[in-house]
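Residues take their numbers from the sequence shown, with the count starting at 1. Each ligand, and each atom within it, is numbered from 1 in the order the structure gives. Side chains included, hydrogens not; waters and symmetry mates left out as well; all remaining heavy atoms used.
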Amino acid sequence: MNILLIGSGGREHAFAWKLTQSPLLSKLFIAPGNAGTADMGINLSISPTDFDAIKKAVLDNAISMVIVGPEDPLVQGIHDFFIQDTKIAHIPVIGPQKQAAQLEGSKQFAKEFMNRHAIPTAAHITVNPENIEEGYSFLTAQKPPYVLKADGLAGGKGVLILDSIQEAKQELQNMLQGKFGEASKQVVIEECLHGIEMSIFVLTDGKDYLILPEAKDYKRIGEGDTGLNTGGMGAVSPVPFATEKLRTHIEHDIIQPTITGLQKDTLPYCGFIFIGLMVENETAKVIEYNVRMGDPETEVVFPRIESDFLELCIAAGEQKLSKKSIRIKPETATTVMLVSGGYPGSYEQGKKMDGLESPTNSLLFHAGTKRNEHNELVTAGGRVLAVTSYGKTKDEALRESYNTISRISFEKMNYRTDIGFDLDI
Ligand code: AMP
Ligand code: GLY
């Protein structure tokens with residue numbers, strides 16, 4: 001069958017890599033893709049939110065299934081667009097419809113969902129310009145640091161964690177006055193959770209689900225988790241502190257009530273759920289839902305999946321996941337993200353990349369890359385390349401990733417040398 005994959009990051013290259021291993025795949029199209037996905041299928045120069053152009057590509061290329069990588073098209077209703085158009089309504093879209101995509105598109109929606117279904121999460125209040133005084137009182141009752149979240153999508157930048165109460169109150173005002181545009185017209189203030197973060201991933205057809213390998217990502221730009229937040233600088237899977245007891249608790253108290261909650265609320269859901277957790281004393285609370293896979297988590301999660309992933313996506317699309325199971329490789333996978341100097345602030349693009357042809361045991365997942373007019377591989381984004389390796393242990397896998405990185409170069413290349421640093425205790 002022909003598949004259209006929507007997106008252009010390292011996550012989508014990892015999807016493409018996994019899909020091309022399936023005997024069920026005929027042709028893979030990626031919209032818009034990057035230089036890495038161009039080796040896996042046919043890149044189409046279409047924006048992920050240009051639904052009319054996507055429809056045309058689906059009809060022109062006899063596409064039998066659409067897999068959506070990023071959140072934007074989901075939150076904007078790509079799945080609903082397909083359902084409402086008789087010419088394409090029969091084509092399964094892997095990714096939830098607009099209403100359920102609010103689990104990521106609105107923090108307030110996600111908090112109400114969790115409270116309604118008794119899913120453990122931080123205490124919160126939702127503030128708008130009318131009840132700002134209640135917001136101040138909630139803040140005053142909290143211990144620092146103070147957690148403020150723009151309600152809507154803010155490109156990963158909408159969460160502020162502040163040490164001083166004065167600053168928190170000031171930022172609350174700034175956010176309500178449009179610091180993050182429309183996204184912060186409402187603000188969710190949360191109790192600050194403590195512990196260590198991990199991410200779990202579920203593929204669901206709305207009734208049944210499969211749990212994919214879990215991962216931990218490293219969001220800060222600087223060593224030791226310091227500096228500005230990024231899209232993610234590296235990831236490790238499995239997470240060594242995820243004991244059997246913790247996994248059982250997560251499945252029973254978080255995953256199952258999430259799936260039954262979707263049913264009770266009549267929110268049809270076919271696709272991935274990425275649940276960000278804070279874990280303390282083998283107890284987990286939900287920090288956030290995302291309605292897609294993580295990036296760079298996918299670059300360690302998919303390499304650990306042994307099963308035919310396309311077969312699982314087909315089953316999800318046909319609501320037959322109950323008949324499927326997932327086989328997972330025991331090895332550890334690590335990924336280290338190479339980024340452009342300056343990222344997550346301003347950075348230059350178009351830097352020639354060298355060393356990608358050298359023999360390596362690593363998997364190179366392209367994020368921001370393209371071919372220039374001389375067909376040379378050049379940088380085309382902040383996050384450039386995810387270098388994934390396997391090992392019997394995290395340290396063995398990381399050694400391999402850093403070994404591969406030592407042979408890759410581009411001007412002002414930057415990366416963290418301490419991925420996994422907090423997992424030894
Ligand atoms: P989010 O976009 O909701 O995932 O938040 C971004 C990051 O902020 C998370 O990955 C956490 O590191 C941090 N964070 C969010 N909510 C909380 C919270 N309630 N307590 C502590 N840290 C948080
Ligand atoms: N790595 C975090 C995310 O994909 O949202």
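- Summary of contacts: the protein heavy atom closest to atom 1 (P) of ligand 1 is E288 OE1, 3.5 Å.
- By the 3.5 Å distance cut-off applied to N or O atoms, I161 is not counted among the residues near ligand 1.
- The protein atom (non-hydrogen) at minimum distance from atom 5 (O) of ligand 1 is V159 CG2, 3.4 Å.
- Y269 and Q99 share no donor-acceptor pair across their side chains, judged by distance under 3.5 Å alone.
- Looking at Y390 and N361, their side chains never bring a donor and an acceptor atom within 3.5 Å of each other.
- Checked by atom type, the side-chain pair S389/T334 shows no donor-acceptor distance below 3.5 Å.
- Heavy-atom separations between G294 and ligand 2 include at least one value shorter than 4.0 Å.
- Between the side chains of S64 and N2, no donor N or O sits under 3.5 Å from an acceptor N or O.
- The N/O atoms of E297, backbone and side chain alike, include one that comes under 3.5 Å of an N/O atom in ligand 2.
- For atom 10 (O) of ligand 1, the closest non-hydrogen atom on the protein side is E197 OE1, 2.8 Å.
- Here T379 contributes atom OG1 and H366 contributes atom NE2; the two are 12.5 Å apart, rounded to the nearest 0.5 Å.
- Considering both main-chain and side-chain atoms, R11 never comes within under 3.5 Å of ligand 2 through any nitrogen or oxygen pair.
- In summary, the side chains of D72 and Q76 do not present any donor paired with an acceptor at a separation below 3.5 Å, with no hydrogens or angles considered.
- Between N229 and ligand 1, no N or O atom pair is found at a separation short of 3.5 Å.
- Of all atoms in ligand 1, listed by their number and element, those nearer than 4.0 Å to a heavy atom of C192 are 20 (N), 21 (C).
- Taking every non-hydrogen atom of R292 and a distance limit under 4.0 Å, the qualifying atoms of ligand 2 come out as 3 (C), 4 (O), 5 (O).
- Between the side chains of Y146 and E190, no donor-acceptor pair of N or O atoms lies under 3.5 Å.
- Distances from atom 13 (C) of ligand 1 to the protein include at least one heavy-atom value under 4.0 Å.
- Side-chain N/O atoms of Q108 and E112 include a donor and acceptor closer than 3.5 Å.
- Checking only distances, N290 never comes within under 3.5 Å of ligand 2, N or O to N or O.
- Of the polar atoms of G231, at least one N or O is found under 3.5 Å from an N or O of ligand 2, judged by distance alone.
- Of all protein heavy atoms, the one lying nearest to atom 19 (N) of ligand 1 is E190 OE1, 2.8 Å.
- Within ligand 1, counting atoms from 1 as listed, the ones closer than 4.0 Å to a heavy atom of K219 are 10 (O).
- Side-chain polar atoms of N34 and S8 form no donor-acceptor pair below 3.5 angstrom.
- By the criterion of a heavy-atom distance under 4.0 Å, neither the backbone nor the side chain of M293 is placed next to ligand 2.
- Contacts with ligand 1 closer than 4.0 Å are made by heavy atoms of both the backbone and the side chain of L193.
- Using modelled atom types, one side-chain atom of Q319 and one backbone atom of D205 make a donor-acceptor pair closer than 3.5 Å.
- When only modelled atom types and interatomic distance are considered, Y136 and Q173 share a side-chain donor-acceptor pair under 3.5 Å.
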